[in-house]
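Note that the numbering runs from 1 along the sequence shown for the chain.
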Amino acid sequence: SENNKRLMELALEGTSKLLASHRTLIREGSVTVSTEKKPKKFKLRLTLFNDLLVHLSEAKSKKKSNMEQQKHQWPLYLVWLRDLVDAELE
């Protein structure tokens with residue numbers, strides 16, 4: 001599949017430690033984020049696997065080996081997601 005092909009490309013780009021027989025790439029992309037601590041908006045690059053969420057700043061995402069650092073990885077059993085309506089964000 002296209003996602004398996006992309007996973008192999010990521011491995012060749014320096015993220016081979018993320019390869020696992022059970023792991024599947026689901027989606028990757030960028031999001032714009034602001035927090036109470038950092039009210040200025042910034043971009044995060046997210047890579048979602050079936051068991052793991054990897055998050056990197058746009059700058060750190062240029063070096064693919066940063067994806068292998070555990071501080072950028074969240075096992076999905078620790079992640080809670082919630083949809084927010086635009087009005088809730090303001």
Side chain to side chain contact (heavy atoms under 4.5 Å, CB included) evaluation trace for Phe49 with Val54: CA-CA 8 Å; Phe49 297 95; Val54 180; 3.9 Å; yes
So if I apply the side-chain contact (heavy atoms from CB on, under 4.5 Å) rule between Phe42 and each of Thr32, Val33, Val31, which one comes out positive? Val33
Specify the closest pair of heavy atoms between Ser30 and Arg45, including all atoms of both residues, with the distance to one decimal. OG-NH1, 3.5 Å
Relative to the ring of Trp74, is the ring of His55 parallel (under 30°), tilted (30 to 60°) or perpendicular (over 60°)? tilted
Is any side-chain heavy atom of Leu56 closer than 4.5 Å to one of Leu44? no
Distance col, row Gln73:CD vs Thr47:OG1, nearest 0.5 angstrom, shows 10.5 Å
So do Leu76 and Leu48 actually touch side chain to side chain, heavy atoms under 4.5 Å? yes
side-chain hydrogen bond (donor to acceptor under 3.5 Å, both in side chains) with Asp51: which residues, sequence neighbours excluded? His22, Arg23
